[in-house]
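The figures that follow rest on heavy atoms only: side chains count, while hydrogens, waters and symmetry mates do not.
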There are 2 protein chains.
Amino acid sequence: MSNATISDVAKKVGVSESTVSRYLSGFKVRNSELIKRAIKELNYRPNIMARNLKSGKTGMVAVIVPDITNPFFAAIVRGAEVAAGDDYMLQLISTGDDPEKEEAAIRRLVGRVDGLIYVPSKENSPAISEIEAKTFPVVFVDRVISKMKNFDSVLADNHHGALLATKHLIEHGHTNIAHIAGPVTSTPGKGRAEGYSAALKDSKIDKNPDFFVESDFTVLGGYQAMMSLLNLKKRPSAVFVGNNLMTIGALKALKEAKVKVPEQMAIIGFDDHELSDLVNPPLTVISRDAHLQGALAMATLLERIKEGYQFPPKQLKVDANLVVRMSCGSTCPYRKTNADKHVLSSSISS
Amino acid sequence: MSNATISDVAKKVGVSESTVSRYLSGFKVRNSELIKRAIKELNYRPNIMARNLKSGKTGMVAVIVPDITNPFFAAIVRGAEVAAGDDYMLQLISTGDDPEKEEAAIRRLVGRVDGLIYVPSKENSPAISEIEAKTFPVVFVDRVISKMKNFDSVLADNHHGALLATKHLIEHGHTNIAHIAGPVTSTPGKGRAEGYSAALKDSKIDKNPDFFVESDFTVLGGYQAMMSLLNLKKRPSAVFVGNNLMTIGALKALKEAKVKVPEQMAIIGFDDHELSDLVNPPLTVISRDAHLQGALAMATLLERIKEGYQFPPKQLKVDANLVVRMSCGSTCPYRKTNADKHVLSSSISS
DNA sequence: AAGTTATCTGCAATCGTTTTTAGAAATAAA
DNA sequence: TTTATTTCTAAAAACGATTGCAGATAACTT
């Protein structure tokens, strides 16, 4: 009952293997009806591994994310998956933010997939020779590796998002504004920290170094960061938290310390969530379309796979919107958006 | 600069391809040092597709889930991934609850992966001949297909969980208890509905058919279900919602209708979330270890791949705990758990 | 040193396709 | 009917590894 091969089909019909192969590839063939029948009767399915070996293609694309459990990354993966359609299947790797695992994973991946969508954990993650040699197509999403800024990427407008967030706080009269940042060694960590600083500078607010605490994008990290903020002799009155997970942690800390939001502490997060609306109080956040990011990444990857490195790297950016709810003191929720223009800029750098 | 093959290495060293191959497989070889050097210099990496073709193994396992964006499924996938370790890589497919897509996906998967972890959307999803013929190992997680109940599976103790939930409501004095159920054509939908009924029966509470509304496991579905409950002339005073997404929808409906929780309506959900603690009011839920479910599934799948269908099907069950917070009227949060015994029963059925 | 045993090696076949090449059959042109 | 042209076909050579077999080295025995 082991699987029938193309030669079984050929034998049964009385033609050569090559004829069956041509039939399968859509060429016109004399006994196509007989072949069709034989295939059905033998329940023949072409051996994909043999086909791959011959063609040098695998029909697969890998996606490396720090953690599929983070809804933001899940959205990216989903976006990539729908954009891939039936053309490519997805291989998933969660690295748990460990650059060594990333490198090991990529090493295994080369030759096993036709391309890679890559969310590196740190900007100084090791570069892979195959990628640099442009023999293994990759597009970076959300984060880039500093040595490889010149590759395809789909980022978010972190700077603008952070600017929006911080300004929103300022507009509510705050001047003692803290920022719980992600690792500044990561693209979004850095970008958002810079946006935060820029907003303060724009409004001529002095930066208090105590109010900037660098954390690690995790719930626990956010919790500890907020706790340290609360332990300051002079507390901030508002805080901009640099990602979704840390915001949850910060909220837990606030709740535990019985600090009233937004009265005693205003808070704004980065990345929206289905539940943000339902927490107490409803959470004001910066939001961007992660699904779209994933889809754009897949689209440019497929293009790159097909065309090779003929065309220059595409560096796409997705916009960030302010979703106003109630955690910053606003009383009436609203959304400040760039209308429908979600792909903000698509700078082509040679 | 195209990739070096094993024959390049062999030529460079002056040995035969088989010798290099043996070296790679860990046999003792005379010129191992030379070979090692040549491999490094040529940057030789064995061609996986050729290896697969020869061995008939792919080193890959697929995971089919309805939607990776649902944190519960993401946890399953993550659990499976860590359990796989370095032995197998994961291929991910989200089917969007479409049985046809499931079937198409499985068809493509056969021959491309060594086994499958499968969360089918409906119990009457089509059976696949390769699976039935036990020529393609599969383990079902969370849900099963009715025709294939005799295969490996890792379910949750839905019945007991639902019983716990409903009893908790009853203990708080409720008698008009509604259930927003998932599709009763799905394993958990059915199991939880039955647990709900059993609890009512145990307490000799008459079942009000108006209070049972079958929905679809989505946020929107939960929202609509709750709305229909609120539109009843005689409203229930408490509701047990059958999964995480529908709970979010129900909560949204409650908020929109300005119904006070738990005073006017007590609510308990199925599946916990990092944010459940932070919503208003903190949500009481039934929780189970989805990560563990995924890990167990992967473990039994790998075993199955290695051993074939010699040993009888394993049907594992993971326990469900009550996590008490405040959405049912309790004032002091606590957790009712089966201590550390998370794998409840492991019934071996021949 | 010769015989016996244990290791290691190269050759060739194999895995199941696709693709090139050259020849056979069919069709069109003269 | 013969020649020129177009289509199809089969045989064979890839693709890049692994493995059984038989012969060659090396390592022990006595």
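Between the CG atom of A:L42 and the P atom of C:dG16 there is a distance of 14 Å, given to the nearest Å. With rounding to whole Å, A:E17 atom CD is found 12 Å from C:dC15 atom C1'. Between the CE atom of A:M49 and the C1' atom of C:dT14 there is a distance of 15 Å, given to the nearest Å. Distance A:L53 CG to C:dG16 P: 12 Å, rounded to the nearest Å. In this structure, A:K57 places its NZ atom 15 Å from C1' of C:dT18, rounding to the nearest Å. Straight-line distance from the NZ atom of B:K11 to the P atom of D:dA17: 12 Å, rounded to whole Å. For the pair A:N3 CG and C:dT17 P, the computed distance is 9 Å after rounding to whole Å. The distance between atom CZ of B:F27 and atom C1' of D:dT18, rounded to the nearest whole Å, is 10 Å.
The side chain of B:Y44 sits closest to D:dA17 out of D:dA10, D:dA17, C:dT17. In this structure, of D:dG20, D:dA26, D:dA17, it is D:dA26 that holds the atom nearest to the side chain of B:R30. Side-chain proximity of A:A50 to C:dG16, D:dA10, D:dA17: nearest is C:dG16. Picking from D:dA10, C:dG16, C:dG10 the nucleotide with the shortest atom distance to the side chain of A:R22 gives D:dA10. Between D:dA17, C:dG10, D:dA26, one nucleotide has an atom nearer to the side chain of B:I6 than all others, and that is D:dA17. Closest to the side chain of B:S21, out of C:dT17, C:dT9, D:dT19, is D:dT19. In the set C:dT19, D:dT9, D:dT19, the nucleotide with an atom closest to the side chain of A:K54 is C:dT19.
Within the nucleic acid shown, A:S18 comes within 4.0 Å of at least one base atom, counting heavy atoms only. Using a 4.0 Å heavy-atom criterion, one finds that A:Y23 contacts no nucleic acid atom at all. Across all strands shown, A:T19 has heavy atoms under 4.0 Å from sugar-phosphate atoms exclusively, and none from any base.
Both B:V29 and A:R51 lie near DNA chain C, and the one whose nearest nucleotide falls closer to the 5' end is B:V29.
No donor-acceptor distance shorter than 3.5 angstrom exists from the side chain of A:R78 to the backbone of A:A290, with no hydrogens or angles considered. Judged purely by atom type and a 3.5 angstrom limit, B:D8 uses its side chain to pair as donor or acceptor with the backbone of B:T5.
For the OP1/OP2 pair of C:dG10 and a distance below 4.0 Å, the side-chain nitrogens and oxygens of B:S16 include at least one atom meeting the criterion.
Under a cutoff of 6.0 Å and an axis angle of 45°, B:K57 and B:Y88 do not form a cation-pi pair. The side-chain tip of A:K134 points at the ring of A:F151 from less than 6.0 angstrom away and within 45° of straight on.
Contact record, B:R143 with B:F73: NH2-CZ, 3.6 Å, taken as the closest heavy-atom pair.
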